[in-house]
Structures are given as C-alpha cells and as structure tokens.
Amino acid sequence: MATLAAALLLAVAAWSGAAAGLPPGAWTSAQEMPGSIGLNFGTAALGDPSAPSVNSIACPSAGNCSAGGEYVDRAGRGQALVVNEVGGRWQRAIEVPGSAALDLGGHAEINSVACASAGNCSAGGDYTTRAHQQEALVVTEVGGSWQGAIEVPATGALNRKGDASVVSVSCRSPGNCSAGGYYSDRAGFQAFVVNEVAGTWGAAVEVPGLGPHNVGGNAQVRSVSCGAPGNCSAGGYYAPGRNAFGAFVVNETGGTWGQAEAVPNSARLDSGRTGGLEAVSCSAAGECGAVGDYLTVVKHRSYEQPFVVSEKGGVWGLAEPLRVPYRLTAAGQVDATALSCASPGNCSLGGSYWDKAGGWLLFVASEANGVWRAAAEIPGTAGLNAGANGQVNSISCGAGGYCAAVGFVTTARRAQQAFVVLQSAGAWHGAQILPNSERLNTGDTAEVGAVSCTPSGFCGAGGDYTLRSGSRQLLVDNFIP
C-alpha cells in the first residue's frame, strides 16, 4: 500500500509539473544518506576542508548511482566515503575500503567519481600520511563492490613536497578510466594524468609538454572527460610566469596522452594573465566542450569573465568570450563553475556573478548546434536567493536538451538552502528548493554538491545540511522522470 501511495504521489507531482511547463517527473523527498549518521560526527563549518560533503556523483543508468565525498569521524578526522544506489534504493554509506590504512594523518576524501556501468566505477581523491603529507588516491568498484584504495602509482616519487590529489576521473568502459590532478615538487605544483586499463591503474605522469611552460610552478588538471576508452581530454591551468596563469588542454588518443597546449586564443583574451580552464565535457571521442575564465582590464579595472571553447575531430578551436548581458557583468566578475555536454555542440554551463549590490547571483547558458546563447539569470532564483549569496556546484545533461543544475541559495533571512533547477527542450525552468531539504536543514546551511543525469532523464544528487546542534550531515535524492 505504501508503495502504491508513493507511486500516486509521484504521478500527481509529474502531472503538476507538466501542467506548469516543467519537465514531466519530480524530485523525490531528500533523505539523510543511509548509514552516514553512524559514521559522521562532523560539525565543521561550510568551507572548512574537513567539512562533511558529497563531492561527486555518477549515475550510469536509471536508479543506479555511486557517490563519493568525506565525513568526519568521532575523533574529528576527515575520512573518505562512498555510497551506492542500486535499483532506485540508496544503500548504506561506507568508509572507502583500504583508506584508513593509508590515511594515518586524519584527512581523506573522494573528489571525483565516474561510472562506466552500474556497479563498475572508479573514484579519486587524497589522503594524509602520518607525516602530514597529502597523497593522491584511487579506488575502483567492480560488480558493485568497492575494492581497496591505493596511492596513485608513481605519485609517491613525483610528490616530493607532499601535496597531491586526484581532482577529476572519467570512465567510458568498466576498468578503463583516466584521471588527473596535481602534485608538488621542488619547483612548485605540477599537473599529472594517469590511466586505468583493464582494471589496473598505471603510473602517473606529468602532463606531457606542460612542464617547460609552467615556469611559475603552479599547474593543475581541473577536469578530465573521456569520449571513448583511451580517448579523453583534460584541461586546467599553469603558470607561465610569476603571478601569471594560463589555460591548457591536452588530449589522449588511443591510450596515449599527447602534448599539452595553451587553449587557442585564450592568451589574447586574457590581458590580466590569470585565466584557467575549469571544466571539460566530451560527448564522443574528440568532440568536447570546455569552459574557463580570463581577466580583462578596462580603464585600470579588472573584469573576470568566462570563455567557451570546443574540440571538433580532435582539434581545439578558438576560445571565445561567453556572451554575458551587461546587467549581469556590470560589477565585473562572472565565474563559470560547471559544464556538461549531451552531444557534440550541445552543452550547458552554470555559475555565479557579482552584482552591483554586492551579492553572488546565479546564471546558466546553453549551446545549441554549436552556437552559445547569452548567459541568463537562473529563472526563479531572484526570489529564492534574496540573500544574494548563491553558487552552482554541478550540472549534468542527458539527451534532448534535458539538464539539471544544483547548488545553494541564501534566503532573505540568511539561511543557506539547497536548490535544483531543470532544463528541457533547451529552456531552463524555475529553480526550486530541493524537496524536504528545508525540513532536514534545521541549522540553516545546506547545499547540493553534485548531480548526475542519465539520457532517460533520471538524476541522482547528493549534498549536505546542518542540524540545529551544528552537526553537518549528508543527503541524497533523485529526480524520477
């Protein structure tokens, strides 16, 4: 009877959404992540590196997702966490197997999760040694079972200064993934890539060709995306000089990483020399989109702006400024944080902009058939984000112009709430507070950290909320089409 009642409620919600012009379907009621309450005793404030969080989620098929992040144990140590959804039911969260043996310094986390099929995923992040050095880790899930975490091969030797992490992972078939991140040596921070082939992680290498250009010693892979096994693209930033930054891309073809290159035209745009690539998304081998930022200086005033760039047939085109209406960019800072491409030339991105009144408001922009439309404020957020402090954390697009974006808004009474917004047929609909998250969030600090949608329109999402006591807890939810 309960199942029938739930089905009827979903049917009513779907009908109501369709009547209001929304995509058919509904977000279910956000719930505490099963098992997390027994693991997590975190009371860290938002922004604290040890704050409990869901950092990444991947849903390879409807009702089957994996997510990763961090929790804080009873002793106040940050621990790496993974959780699976199987057949539409969230399972109990667990500490990443093997991570405790690595993490003798008391801070481990998962930054990125990627799944090639249900129960076959890989994830990456970092842990801290007894000597308080941060090292990069990877872990693989096989047939629904997470294996033991390991240090990324060869990073121990590369990471001479003890600060390394996996930032991004992408998989296109089970056991065949690529990842990227950073490590530190005597010259500063360097960017690395690493491949998993047939379930075995190979040796990490510095991004080919980038080292001689990173003379300022500050490079990092920010995003990796694979269009096919062994055919991926990655991007991030490097330092061509002291206090200078540039955006780079690098392609993997047939399992071999090529030479990195500066994003074409980005240096011409970036008169402030502080740019970088934030996100890459590939819908097929050699067919990708990317977003980054550059600094333009007008009359001695700096303006941070986003650029977009596309890869076609394995060749990156020229970066071009994202069209941002003056009313959005008048205060001089527009920050694109998330990107997803459903098919070649069809992508969506989201971020935040600083308005003249001194607050962070939210925007989205979409590309259709290779043409980017102008950025626009996310519908409905003017009311939700009356406190003018919001952020888009993640975006995911399925087929047919269907996307979901998530993050947080701040209400008029200064409560931070988790929000979601949907796009269908290329049009963004009204944002909403994640159902039931306000009821959970008695401490007034919540957000959705990550979302992943399948081509059928099913989405999984994860985030966190705060209890009145100050305890920070984890949540999960689904959109069911």
Side-chain angles (χ1 to χ4, degrees), residues 114 167-173 176-180 191-195 205-214 219-238 240 245-270 273 275-294 305-323 336 338-349 365-373 395 397 399:
V167 177
S168 181
V169 180
S170 183
C171 304
R172 273 292 179 171
S173 66
N176 295 288
C177 307
S178 292
F192 77 83
V193 285
V194 62
N195 293 337
V205 297
E206 182 181 359
V207 171
L210 188 62
H213 302 286
N214 184 36
Q220 181 180 138
V221 171
R222 294 288 300 155
S223 182
V224 177
S225 185
C226 299
N231 293 275
C232 309
S233 291
Y237 60 82
Y238 67 104
F245 291 90
F248 78 88
V249 286
V250 62
N251 294 337
E252 180 189 22
T253 305
T256 300
W257 288 96
Q259 297 289 300
E261 62 174 315
V263 173
N265 199 47
S266 62
R268 186 185 70 81
L269 293 175
D270 191 24
R273 300 185 72 201
L277 201 70
E278 182 66 26
V280 177
S281 180
C282 301
S283 53
E287 303 289 334
C288 310
V291 63
D293 58 77
Y294 66 96
Q305 300 291 310
F307 69 78
V308 288
V309 62
S310 297
E311 180 187 20
K312 299 179 181 178
V315 177
W316 287 95
L318 299 179
E320 59 183 49
L322 179 70
R323 287 185 294 146
L339 170 79
S340 181
C341 298
S343 60
N346 295 284
C347 307
S348 289
L349 62 81
S366 297
E367 179 191 31
N369 300 318
V371 178
W372 279 97
R373 301 168 184 157
I395 190 168
C397 296

Locate the shortest heavy-atom distance separating [X] from [Y]; write the atom from each residue and the value.
X: Gly254; Y: Asn231; result: N-OD1, 3.2 Å
X: Tyr238; Y: Ala262; result: OH-CB, 3.8 Å
X: Ala179; Y: Val169; result: CB-CG2, 3.9 Å
X: Leu349; Y: Ala336; result: CD1-CB, 4.4 Å
X: Leu339; Y: Ala279; result: CD2-O, 3.6 Å
X: Ser178; Y: Asn195; result: OG-OD1, 2.8 Å

Kindly determine whether Val193 and Glu252 satisfy side-chain contact (heavy atoms from CB on, under 4.5 Å), including the steps that lead there. CA-CA 10 Å; Val193 285; Glu252 180 189 22; over 6 Å; no

Any pair counted as side-chain hydrogen bond (donor to acceptor under 3.5 Å, both in side chains), so long as it reaches residues 275-285, sequence neighbours left out: Arg222-Glu278

So, the side chain of [X] versus the backbone of [Y]: is there a donor-acceptor pair under 3.5 Å, distance only?
X: Glu206; Y: Ala191; answer: no
X: Asn346; Y: Asn369; answer: yes
X: Asp293; Y: Gln305; answer: no
X: Asn265; Y: Ala319; answer: yes
X: Ser168; Y: Val224; answer: yes
X: Asp270; Y: Gly275; answer: yes

If only side-chain N and O atoms count, and only distance matters, is there a donor-acceptor pair under 3.5 Å linking Ser348 with Ser340? no

Taking atom [atom1] of [X] and atom [atom2] of [Y], what is their separation to the nearest 0.5 Å?
X: Leu210; Y: Phe192; atom1: CG; atom2: CZ; answer: 13.5 Å
X: Ile395; Y: Cys347; atom1: CD1; atom2: SG; answer: 10.0 Å
X: Glu320; Y: Phe307; atom1: CD; atom2: CZ; answer: 11.0 Å

Is there a side-chain contact between [X] and [Y] (heavy atoms, below 4.5 Å)?
X: His213; Y: Pro240; result: no
X: Val308; Y: Glu367; result: no
X: Glu287; Y: Lys312; result: yes
X: Val249; Y: Val263; result: yes

Under 2.5 Å between the sulfurs of Cys288 and Cys341, yes or no? no

Using a strict SG to SG cutoff of under 2.5 Å, would you count Cys282 and Cys232 as disulfide-linked? no

Among residues at least two apart in sequence or on other chains, which ones pass ring pair (Phe, Tyr, Trp, His ring centres under 6.0 Å) with Tyr237? Phe245

Going through the distances and angles, do Glu311 and Asn251 end up as a side-chain contact (heavy atoms from CB on, under 4.5 Å)? CA-CA 10 Å; Glu311 180 187 20; Asn251 294 337; 2.9 Å; yes

